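This structure is a prediction, so every number in the text was calculated from the model and none was measured.
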Amino acid sequence: MTLQEAADALDVHYMTAYRYVRLGLLDARKVGGSWQVTADALEAFRAERDDRSPDDGTTPRRGSQAPWAERFEARLVAGDGRGAWGVVEAAMAAGHDLDAVYLQVLTPAMVSIGDRWAAGELDVSIEHRASGIAMRIIGRLGHRFVRRGRSRGAVVVGAPPGEFHALPTAIISDLLRMRGWEVSDLGADVPIESLLFALGDVADVKAVG
């Protein structure tokens with residue numbers, strides 16, 4: 001059904017239904033430029049409605065065990081960056097801290113997308129697009145991981161030659177920063193000699209400091 005038909009079935013305004021989609025609460029797919037909702041997605045939304053606060057139906061109750069990773073994955077596969085960010089915001093509003101957003105929402109979604117690509121269910125372009133959206137979201141969250149106070153030391157993070165995924169190093173780097181470490185994230189496909197250079201550079205800076 002169209003999103004308007006779904007809104008009518010839920011007895012809400014079209015823009016309210018659109019907000020449900022953007023928050024990842026109502027699963028929808030864009031077909032020919034318009035949002036389409038399946039009957040199963042509509043019933044799943046109704047079944048989860050009790051887990052939402054009574055004000056507008058879009059804010060989950062704190063501690064809600066909603067399927068955030070699945071909702072996030074659906075927005076990534078659809079190429080919906082704004083909706084993916086909406087899912088992250090909704091998960092945090094439900095009580096998820098930054099660790100949980102990375103480890104229980106973002107990471108499982110990306111692992112699932114990678115598995116689906118490997119199984120031939122998704123084109124590699126969708127996997128790359130999802131990775132790009134995930135990296136932009138990490139960029140928006142990154143500053144929140146910086147902890148004030150005395151540094152615990154310095155860490156160099158990088159993927160070895162031939163490993164072209166920078167997302168894991170970005171996640172690990174932020175989690176380390178939250179725990180008080182100064183992190184140099186070299187990203188993906190780092191030559192061994194460059195990794196050694198970075199380690200020496202960090203050691204020299206610490207010695208001078």
Side-chain angles (χ1 to χ4, degrees), residues 23-24 51 53 59-73 75-76 80-115 127-209:
L23 288 175
D51 287 333
S53 59
T59 305
R61 300 180 191 276
R62 293 192 69 80
S64 169
Q65 297 301 312
W68 300 115
E70 291 86 345
R71 292 173 178 174
F72 188 69
E73 179 183 348
R75 294 300 94 218
L76 292 180
D80 182 8
R82 184 181 300 177
W85 176 249
V87 173
V88 169
E89 288 186 308
M92 290 192 293
H96 278 56
D97 58 20
L98 292 170
D99 277 30
V101 168
Y102 273 22
L103 300 177
Q104 298 175 25
V105 180
L106 192 152
T107 297
M110 289 305 305
V111 169
S112 177
I113 288 173
D115 289 344
E127 190 269 343
H128 285 186
R129 184 176 65 188
S131 296
I133 293 171
M135 284 297 292
R136 290 196 295 275
I137 287 175
I138 286 177
R140 295 182 68 171
L141 291 173
H143 71 281
R144 306 189 190 190
F145 286 86
V146 179
R147 194 181 75 173
R148 296 180 182 274
R150 186 175 181 179
S151 170
R152 297 179 62 183
V155 177
V156 176
V157 177
E163 173 53 66
F164 300 106
H165 294 88
L167 194 62
T169 68
I171 292 173
I172 291 170
S173 295
D174 277 347
L175 294 176
L176 287 170
R177 289 188 185 100
M178 174 178 273
R179 287 155 178 78
W181 296 90
E182 296 177 36
V183 182
S184 295
D185 181 7
L186 307 184
D189 192 30
V190 182
I192 297 300
E193 58 272 20
S194 296
L195 177 60
L196 294 174
F197 177 86
L199 289 169
D201 189 48
V202 168
D204 288 342
V205 170
K206 286 297 177 184
V208 172

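Residues in residues 139-179 take part in these ring-ring contact (aromatic ring centres under 6.0 Å, His included) pairs, two or more places apart or across chains: Y102-F145.
Annotation: side-chain hydrogen bond (donor to acceptor under 3.5 Å, both in side chains) contacts of R152 (sequence neighbours excluded): none. For P160, the side-chain contact (heavy atoms from CB on, under 4.5 Å) criterion is met by E163, not counting sequence neighbours. For R129, the side-chain hydrogen bond (donor to acceptor under 3.5 Å, both in side chains) criterion is met by no residue, not counting sequence neighbours. Residues satisfying the side-chain contact (heavy atoms from CB on, under 4.5 Å) test with P191, not counting sequence neighbours, are E193, S194.
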Kindly list each side-chain donor-acceptor pair under 3.5 angstrom involving residues 81-89, sequence neighbours excluded, with atom names and distances?
residue, atom, partner, partner atom, Å
W85, NE1, E89, OE2, 3.1

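One finds the OG atom of S131 at 7.5 Å from the CD1 atom of I113 (value rounded to the nearest 0.5 Å). The CZ atom of R177 sits 5.0 Å away from the OG atom of S173 when rounded to the nearest 0.5 Å. Going from atom CD1 of I171 over to atom CG of L106 covers 5.0 Å, rounded to the nearest 0.5 Å. The distance from atom CZ of F72 to atom CE of M110, rounded to the nearest 0.5 Å, is 8.0 Å. Of the inter-residue distances, the one linking L167 atom CG with T107 atom OG1 reads 7.0 Å to the nearest 0.5 angstrom. Annotation: the span from L76 atom CG to I133 atom CD1 amounts to 5.5 Å, rounded to 0.5 Å.
Looking only at side-chain heavy atoms (C-beta outward), V105 and E70 stay at 4.5 Å or farther from each other. With a 4.5 Å cut-off on side-chain heavy atoms, V155 and S184 do not count as touching. Between L176 and D174 the shortest side-chain heavy-atom distance does not fall below 4.5 Å.
Across all their heavy atoms, A159 and T169 have their closest contact at N-CG2, 3.9 Å. Smallest separation of non-hydrogen atoms from G180 and R147: CA-NH2, 3.5 Å. Among all heavy-atom pairs drawn from A198 and L186, the shortest one is CB-CD1, 3.7 Å. Between A109 and A69, the shortest heavy-atom distance links the atoms CB-O, 3.6 Å.
Ion pair D97/R144 not flagged as a salt bridge, since none of the NZ, NE, NH1 or NH2 atoms sits closer than 4.0 Å to an Asp/Glu carboxylate oxygen.
A cation-pi geometry, defined here as NZ or CZ lying under 6.0 Å from the six-membered ring centre and within 45° of its normal, does not hold between R179 and W181.
Test L196, L195, D201 against V156 for side chain to side chain contact (heavy atoms under 4.5 Å, CB included) and you get one pass: L195.
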- Message: Test side-chain contact (heavy atoms from CB on, under 4.5 Å) on I172 and D185; report intermediate values, then the result.
- Response: CA-CA 9 Å; I172 291 170; D185 181 7; over 6 Å; no

